[in-house]
Amino acid sequence: MKIEMTHIAKSFGSNQVLKDINLTLNSGEVHALMGENGAGKSTLMNVLTGLFPATGGQISIDGETKSFANPKEAELFGISFIHQEMNSWPDMTVLENLFLGREIKRAGGLLNNKEMKARAKDAFKQLGVNIPLDTLIGTLSVGQQQMIEIAKSFLANLKILIMDEPTAALTERETNRLFAVIETLKAKGVGIVYISHRMEEIFKVSQFVTVMRDGQIIDTKPTAETNVDELVRKMVGREITDYYPRKDTPIGDVIFSVSHLNSAGGLFEDISFEVRAGEILAFSGLMGAGRTEVMRAIFGIDKLKSGTVTLNGKQLRIRKPVDAIRHGIGFLTEDRKTEGLILDFSIRENVVLPKKDSFVRRGLYNAKAAAIFVRDLINRLSVKATSDEQLVSDLSGGNQQKVVMAKWVGISPKVLILDEPTRGVDVGAKREIYELMNELAGRGVAIVMVSSDLPEVLGISDRIIVMHEGTIAGQLPGKGATQEQVMQLATLGE
Amino acid sequence: QTGLGTADNASSAAKKSPSELSIGVSISTTNNPYFVSMDEAIQAMAKKNGTKVTVADAQNDASTQLNNVQNFVSQNVDAILVNPVDSDSIVPAIKSANNAGIPVIAMDRGANGGTVLSTVASDNVEAGKMAAQAVAKAFGNDAKVLELSGTPGASSTIDRGNGFNNEAKKLGLDVVSSQSANFDRTTALNTTQNMLQANKDVKAIFAQNDEMALGAMKAVQASGQEIGIFGIDGESETHTAIKNGTVTATVAQQPAKIGQMALQAAYDHFNGKKVEKTINSPIYLVTKDNADEYQW
Amino acid sequence: MKSLGNLSKRFSSLTTLAALVILMVIITFINPNFFTANNLLNLLLQVTANGFIAFGMTFVILTGGIDLSVGAILALSSALAAGMIGAGMPLPLAVFLCLVIGAFLGAVNGFFIAYGKMAPFIVTLATQMAYRGLTLVFTNGNPLTNKMDGFFLAFIGQGYLFGIPFPVIIMIIAFALLFVLLHKTSFGKSVYALGGNEKAAYIAGVQSNRVKVAIYTISGAMSALSGLVITSRLSSATPQAGSGYEMFAIAAVVLGGTSLMGGKGRLTGTMIGVLIIGVLNNGLNIIGVSAFWQQVVEGVVILVAVLIDVLRNRKSLRM
Amino acid sequence: MKSLGNLSKRFSSLTTLAALVILMVIITFINPNFFTANNLLNLLLQVTANGFIAFGMTFVILTGGIDLSVGAILALSSALAAGMIGAGMPLPLAVFLCLVIGAFLGAVNGFFIAYGKMAPFIVTLATQMAYRGLTLVFTNGNPLTNKMDGFFLAFIGQGYLFGIPFPVIIMIIAFALLFVLLHKTSFGKSVYALGGNEKAAYIAGVQSNRVKVAIYTISGAMSALSGLVITSRLSSATPQAGSGYEMFAIAAVVLGGTSLMGGKGRLTGTMIGVLIIGVLNNGLNIIGVSAFWQQVVEGVVILVAVLIDVLRNRKSLRM
Ligand SMILES: Nc1ncnc2c1ncn2[C@@H]1O[C@H](COP(=O)(O)OP(=O)(O)OP(=O)(O)O)[C@@H](O)[C@H]1O
Ligand SMILES: Nc1ncnc2c1ncn2[C@@H]1O[C@H](COP(=O)(O)OP(=O)(O)OP(=O)(O)O)[C@@H](O)[C@H]1O
Ligand SMILES: O[C@@H]1[C@H](O)[C@H](O)CO[C@H]1O
Ligand SMILES: [Mg+2]
Ligand SMILES: [Mg+2]
C-alpha cells in the first residue's frame with residue numbers, strides 16, 4: 001500500500017495547524033514523524049484516518065483519491081491508528097475493549113466469544129502480553145493499557161499502522177518487546193508511522209524520518225543519512241548542544257524524608273528515603289514497581305497503613321492533597337488527562353487551581369492578579385497557546401504537560417514530586433523542563449522525579465532510587481551510574 | 001366602589017350584559033375528569049352568552065393558583081371564578097381580588113377568608129358521611145371496610161376522610177385499613193389487591209373518589225370476591241359500573257352544574273340581582289335504582 | 001483463576017439481592033400474609049408495569065442518558081390505542097400500533113438527543129410535558145373505556161397461563177430478549193461503550209447517533225408495553241396514567257447497581273431493583289403503614305440500600 | 001484583544017436572552033395586556049419562588065450534581081416554621097430557623113453524597129420522599145394557618161418597597177450575593193473545578209467533600225427561602241407545597257446554558273432561564289391558551305430554546 005498526501009491543510013477556526021503537507025508512506029517501512037509539541041503530527045494522522053476533515057489538499061492510496069469519513073472506515077481499509085491519548089473503557093473487560101466496534105459474530109448476530117478469545121490470546125502472544133481477558137481495563141496500569149491499545153491494532157486487517165507515542169508510558173522492557181513486534185510487522189509488509197519524542201528510538205526502528213515544524217514539513221530523509229543534532233536543529237529551528245543541562249547548584253540539608261511507609265492497599269512496603277534541598281532524586285524501576293503509588297500515598301491521594309512523612313524536621317499529617325499543598329508539596333501526576341487537568345477549562349483556570357486561595361483579598365478572589373501570575377508562568381514555560389484563556393483540551397499533548405507543570409511550579413513548592421514529567425514532551429520542551437527543574441533546585445526546592453525514561457534519569461538526577469515490586473531495591477549516584485546498573489536493580493537479576 | 005358592594009352582596013356593580021363580561025376562571029387541576037367537566041360546562045355556557053373567559057390550571061399547586069389569580073387581577077377581568085386548590089391558602093388570592101374590587105365566586109371548595117361574592121359547592125365532609133351511611137345500610141353497622149384515601153394533604157382527602165371516618169365511628173363500622181392511592185386508578189388497583197391480601201372478610205371498600213373506586217373494582221373482580229364498592233364523584237363510567245353491579249354506589253356531585261351556577265351568579269351580579277352567599281350544589285347517592293337519572 | 005472484575009460484578013447483584021431478601025424477611029415477620037403464593041404472584045404482577053419501563057431505562061442509563069418521558073409516552077400511546085379501539089380497529093392491530101407509537105415517541109427523543117446534541121434530561125423533560133399535554137388534548141382529560149373489554153386486550157393484562165399472570169410471562173420474555181440484546185450482541189457492547197467513553201466509541205466505529213436513537217426507541221416501546229398492560233388491567237386508558245413512573249424506574253435501575261454516569265451496570269440488577277420497590281409498595285400496604293409514613297420508609301429504604309452497595313464497593317476497591 | 005472564551009460566554013447568555021425577548025414580543029403581540037408595568041411586576045413576583053431554588057440548583061448542577069429534594073425541603077421547612085409560629089415563637093426567630101432547617105436538610109443530602117459517595121440523583125430522590133413524608137406526618141396532611149398573618153411574616157411575601165414587591169428585592173439581593181460567591185471567591189472556583197474534573201480538582205487541593213456539603217446546604221437554604229416567600233404569600237404552609245418544583249428549577253438552569261455534566265454555566269443564564277419559564281406561565285395564562293395545550297406549548301418552547309442554544313454553540317465551534 002502506498003499513501004500519498006499532497007498539499008494537506010487543516011485549520012481549527014482561524015488557527016491554521018497544517019499547511020501544505022506532502023508526505024508519502026509505503027508498506028514494509030517504518031517512517032518516523034518528529035516535531036515539537038503542537039507541530040501538527042497527531043492532527044496530520046487524524047486527518048489521514050478521517051477523524052478530522054482536511055481543509056485542503058488530497059490523499060491518494062495506491063493512486064486513487066481517497067478520503068475517509070471516520071476512523072472506522074480507515075481501519076476497514078487497513079489503516080489502524082494507535083492514538084496518543086488512550087481510547088479505552090475502564091469499566092469494560094480487556095476482551096470487550098479489544099473487540100469494541102469489531103466484534104466477531106456468529107450466524108444470527110450473537111457474539112462469538114470463543115473466537116474472540118482465541119484471537120485475543122493470539123495477539124497477546126505475539127506481543128508477549130499476559131493479562132487475563134476478563135480483567136477490567138481500569139484496574140490496569142497505564143503501560144498495560146498501552147499494550148492493549150497496541151494489541152487492538154493487531155486484530156484489524158493491518159496494512160498501515162500509525163503509532164502516536166506508543167512508548168511514552170512504557171518502560172525499557174516493554175519498549176524492546178514493541179520494537180521486536182515492529183520488526184515482525186515490517187517483515188510482513190506492514191507500513192508503520194512512528195511518532196515519538198525519544199530520539200534513540202527513532203534511530204533504532206525507522207528507515208525514514210520526517211520532521212515537522214509549525215504545521216509544515218521541514219524535511220524527509222532516510223534515517224541512516226541523518227543524526228540527532230540535525231533532527232533537533234530542524235525540529236526546534238536552533239542548535240541544542242546538551243540535552244541534559246548541567247546542574248551545578250549546591251545541594252543542601254535534608255528537608256524532606258519519609259520512613260517506613262506501608263501502603264494500605266499492600267502496593268508497597270517499608271519505603272524510606274530522604275531528599276535534600278536542591279537535590280533531584282530520581283525513582284526508577286519497571287512498570288508496576290510501585291513508584292507512582294508511593295508518591296500518591298505521600299501526597300494523600302491513597303491511604304497509608306503506617307509510616308511517617310517529615311518536612312524540615314516536622315512530622316506532617318497528610319490526609320488529603322490539600323494538606324500536602326499547604327505544607328508546600330506539589331505533585332505532578334502521571335496521568336495528565338484524568339488527574340492533572342480539567343480539559344474543558346482554560347489554561348488560566350487550571351494553573352491557578354492549587355494556588356487560588358492566595359489570590360483572595362478580604363474574601364474576594366482577585367482575578368486580575370491571578371491572570372498576571374498565570375501569564376508570567378506560561379511565558380516562563382513557553383507554553384504554545386493563543387492566550388491563557390485557551391482551553392486546555394485544544395492544546396497539543398506536550399503543551400498540556402507544560403500546563404500541569406506550571407500549575408505545580410506556581411505553588412512555589414518546597415518539595416516537588418514529578419511523576420513522568422516529560423511524558424510526551426518534545427526535545428526542546430524537555431530541555432526547558434530540565435532547566436526549570438535545575439532552577440527550582442537552585443532555589444532550594446527538593447525534587448523527586450519518577451521516570452521511566454532511563455537516559456533522562458541518568459542525565460539529570462543527583463541520586464537514583466530503584467524500586468522493585470513495592471520495595472526499594474537499591475540506590476545509585478546520579479552521575480556515573482549506567483543503564484545496566486539500574487536495570488539490574490530494577491529486575492533484581494530476574 | 002364595587003369592592004365595597006360585593007362585601008354585602010348588594011348589587012351595586014356597574015351593569016354589564018354577559019357579552020360584555022370578561023371572566024377569569026382558576027381551576028385547581030384539569031388532570032381530573034371532575035374538573036374537566038366543570039371547566040367545559042363553564043366554557044360552553046360562556047360561549048353561548050358571548051362571555052369572554054380565560055381558564056388557568058393551577059396544577060394542584062396553591063402558589064401557582066395565587067399567580068393565576070393575580071394575573072387575572074392585573075388584566076382587570078370583571079369577575080373571577082375560583083376552584084381553590086386549598087381552602088386556606090386561597091385566602092391571599094381572594095384578598096388581592098378584593099383589593100382590586102373584582103368579585104370572586106368560589107367553586108366546589110370554599111375559602112377560609114377574604115370576601116367572596118358567593119360559594120357554589122357541595123360539601124365534601126357531607127359526601128364522606130353519606131358514603132359511610134350507604135356502606136352501613138348495605139352491609140350492616142359492623143361491616144369490615146377498607147378505605148382508599150386520596151392524595152395525602154389534599155383538602156378533599158381530608159374532608160372526605162373526616163366525614164367518612166367520623167360517621168363510621170358513630171355507626172360502628174370496622175374500618176380495618178386505610179391506605180392512600182393518590183386519587184389514581186392504577187395505584188388503587190394495586191393498593192386494593194394488597195389490602196385484600198392483608199385483610200380477610202372485607203365487606204366493602206370506600207374510595208374517596210370514583211377513579212379509585214374503578215381501580216378497586218378491577219382488583220375485586222380479579223380476586224373473585226364479593227365486595228361492595230363505594231365512591232364519590234359520579235363519573236359517567238361509575239354510573240355504568242353501578243348499573244352493571246360492579247360498583248355499589250357513589251356519592252354524586254355535579255361539577256358541571258357547579259360551574260354553571262357559578263357563572264350564572266356572575267351574570268346575576270352584573271345584572272343587578274342579589275346573589276346568594278352560598279349556593280348549595282346538592283349531592284346525592286347514586287345506586288342501581290337511580291343510576292339513570294343524572295350524569296355530568 | 002476467576003478475575004476480580006467478574007467476581008465484583010457478581011457481588012454487586014448479590015448485595016442488592018441480599019437487601020431484597022432482608023426486606024422480604026422483615027415484612028413477612030411483621031405480617032405473614034405477605035409471604036403467600038397468592039400475594040407473591042400478585043407482587044410479580046404489580047411490578048410488571050415498572051419492570052418494562054425500568055428495563056428500557058437500563059439501556060438509556062447505560063449510555064449515560066435519562067428518559068423522563070416514559071410515563072407520558074405510556075399515557076399517550078395507551079390513549080391513542082384506546083382511541084383506535086373505540087373507533088373500531090381490530091384489537092391485535094391496535095395493540096401492535098400502540099407499541100409502534102411508543103417506539104416512535106421514543107425515537108423522537110432519541111433524534112433530538114443524538115442529532116440535536118441536546119441533553120437527554122432536558123429533551124425528555126420537554127417531551128414529557130408535550131406528550132402529556134397531547135394526551136390530555138386527545139382524551140379531553142377523560143379516561144377512555146369504550147370497547148376496552150375484548151378478550152384479546154383483557155388477556156394481556158388479566159390473563160393467566162399455567163397459573164402465572166400473563167403480564168409476568170411477558171415480562172420474563174421481554175427480560176430474556178433484552179438480556180440477550182444487551183449482553184450477547186455487538187449492539188449491547190456499543191451501548192456500554194457509548195456510556196463509558198463516547199469519543200473512544202466514535203473512533204472505534206460505534207455509530208453513536210443510531211445507537212442513541214435505538215435505545216430511546218426501545219425505552220419508548222417498553223413504556224408503551226407497560227401502558228398496554230395497565231390499560232388492559234384497568235380496561236381503560238386514563239390520561240394521567242404513568243405520572244411519576246420515571247422516578248420509580250430510575251430508582252430501580254440505580255438500586256440495581258447501574259451507574260447514572262453510564263457504562264456500568266446490568267439488567268439483572270435492574271430486575272432486583274424493580275422487585276425491591278415492588279416489595280416495598282406491596283409490603284407497606286400489607287403491613288398497613290400509614291400513607292404519610294409510607295413515603296418516609298420508602299425514602300429511607302432506598303437510601304440504605306444504595307448506601308450498602310456503595311460501602312461494599314468501596315471495600316472491594318481497597319482489596 | 002478580548003479572548004474568545006469570554007466572548008462566547010457572553011454570547012451564550014445572549015442567545016437565551018434573545019429567546020426571552022422574542023417570547024415576550026410574541027406574547028405582547030397576541031395580548032398587549034402582557035406588557036404592562038403592573039403585569040411585569042406581577043411576573044417578577046411570580047418567578048421569585050422558582051428563582052431562589054434555581055439559583056441554589058445552579059451551584060448543585062455546576063458540580064455535576066442534581067437536587068430533586070428542593071420541593072420537599074421547601075414544604076418541610078415551611079411546615080416546621082409554621083408549626084413553631086403556631087406554638088408562639090416570635091416571627092423573626094421562626095423565619096431564621098426556617099432557613100436553618102432548610103440548610104440542615106440540604107446538608108444531610110450533601111453529607112450522603114460527599115461522604116457516602118452516593119449518586120446525587122438517588123440520594124435526593126430518596127430524601128424527597130422522606131422529607132415529603134415527614135411533612136405530611138408533621139402537618140397530619142393539613143395546611144397550617146394558625147397565627148400566620150403577623151406583619152413581619154406577611155411583609156416577606158406580600159410587602160412592597162419603592163413600588164417593588166419585597167420578594168423581588170430579596171431575589172435581587174440573593175442573586176447578587178450568590179453571584180459574588182460563585183464568581184468572585186475561591187469557593188466558586190472550587191465549585192466549577194469539581195464539576196470540570198473531580199479527581200483533578202481534588203488533587204489540586206479542592207476539598208471536594210466540604211464543597212459538596214456546602215452546595216447542597218446552599219440549595220436547601222434557598223429552597224427554604226422560597227418556601228418562606230410562598231408561605232408568606234399564601235399566609236399558610238401547605239404540605240403539598242413545592243411538589244414538582246425541582247423540574248422547573250432544573251429546566252431554568254439548563255435553559256440558562258448550564259451543562260448538566262457540570263463545570264460550565266453562569267448564574268445570569270439561570271436568571272434568564274427563570275424568566276423564560278415565568279414568562280411562559282404568565283403569558284400563556286394571559287393569552288388564554290387552554291390548560292392542555294399549555295403543557296404542549298411549554299414543552300415545545302423549552303425544546304426549541306435549548307435547540308437554538310445548541311445550534312449556536314455548534315456554529316461557534318466551527319468558526
Ligand atoms: N480540536 C482542536 N481544536 C483547536 N486546536 C487544535 C485541536 N486539536 C489540535 N489543535 C491545535 O493544533 C496544533 C497541533 O496539535 P497536534 O496535537 O497535532 O500536535 P502534535 O504535533 O501531535 O504535538 P504533541 O507532540 O504535543 O503531541 C496545536 O497547536 C493544537 O493546539
Ligand atoms: N476525587 C477523589 N479521588 C480520590 N479520593 C477522593 C476524591 N474525592 C474525595 N476523596 C476522598 O474524600 C476525602 C476528601 O474529602 P475532603 O477533602 O472534602 O474532606 P475529608 O477529609 O473527607 O473531611 P473533612 O471535611 O473533615 O475535611 C478523602 O478522604 C479522600 O479519600
Ligand atoms: O372533587 C374532586 C374529585 O373528587 C377528584 O376526583 C379529586 O379531587 C376532588 O376535590
Ligand atoms: Mg500529538
Ligand atoms: Mg507510574
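Just so we're on the same page: letters track the sequence lines, and every chain starts at 1.
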Query raised in the report: Is A/Glu103 salt-bridged to C/Lys189, going by a charged N under 4.0 Å from an acidic O?
Result: no
Report task. Output yes when a side-chain donor or acceptor of A/Trp89 lies under 3.5 Å from a complementary backbone atom of C/Ala193, and no otherwise. Result -> yes
Report summary line: Heavy atoms of C/Ile203 and A/His83 approach each other most closely as CG2-NE2, 3.7 Å
Requested in this report: Using a cut-off of 6.0 Å, state whether more than 12 heavy atoms not belonging to C/Arg210 lie near its atom CZ.
Outcome: no
Query raised in the report: Do A/Asp91 side-chain atoms and C/Lys264 backbone N/O form a donor-acceptor pair below 3.5 Å?
Result: no
Requested in this report: Assess whether atom CD of A/Glu73 is packed by more than 12 heavy atoms of other residues, nucleotides or ligands within 6.0 Å.
Outcome: yes
Query raised in the report: From C/Ser186 OG over to A/Leu110 CG, what is the distance, rounded to the nearest 0.5 angstrom?
Result: 10.0 Å
Requested in this report: Check whether more than 12 heavy atoms from other residues, nucleotides or ligands sit under 6.0 Å from atom NZ of C/Lys184, and answer yes or no.
Outcome: no
Requested in this report: Check whether any side-chain heavy atom of A/Ser88 sits under 4.5 Å from a side-chain heavy atom of C/Asn197, and report yes or no.
Outcome: no
Report summary line: Output for pair (C/Ser190 OG, A/Leu100 CG), nearest 0.5 Å, gives 6.5 Å
Query raised in the report: Quick one: what part of A/Ala156 sits under 4.5 Å from any heavy atom of chain C, side chain, backbone, both or neither?
Result: neither
Query - Min side-chain heavy-atom separation C/Tyr202-A/Pro71 under 4.5 Å - result: yes
Requested in this report: Could you tell me whether C/Phe175 atom CZ has more than 12 heavy atoms of other residues or ligands within 6.0 Å of it?
Outcome: yes
Query raised in the report: What do you reckon, is CE of C/Met261 surrounded by more than 12 foreign heavy atoms closer than 6.0 Å?
Result: no
Query raised in the report: In terms of heavy-atom pairs under 4.5 Å with chain C, which of A/Asn97, A/Asn87, A/Leu111 leads?
Result: A/Leu111
**Report entry** Heavy-atom pair count under 4.5 Å with chain A, highest-scoring of C/Gly188, C/Ala201, C/Gly195
**Finding:** C/Ala201
Query - Nearest heavy-atom neighbours spanning A/Lys72 and C/Ala204 - result: CD-O, 3.5 Å
Query raised in the report: Under 6.0 Å from the CZ atom of C/Phe104, do we count more than 12 heavy atoms belonging to anything else shown?
Result: no
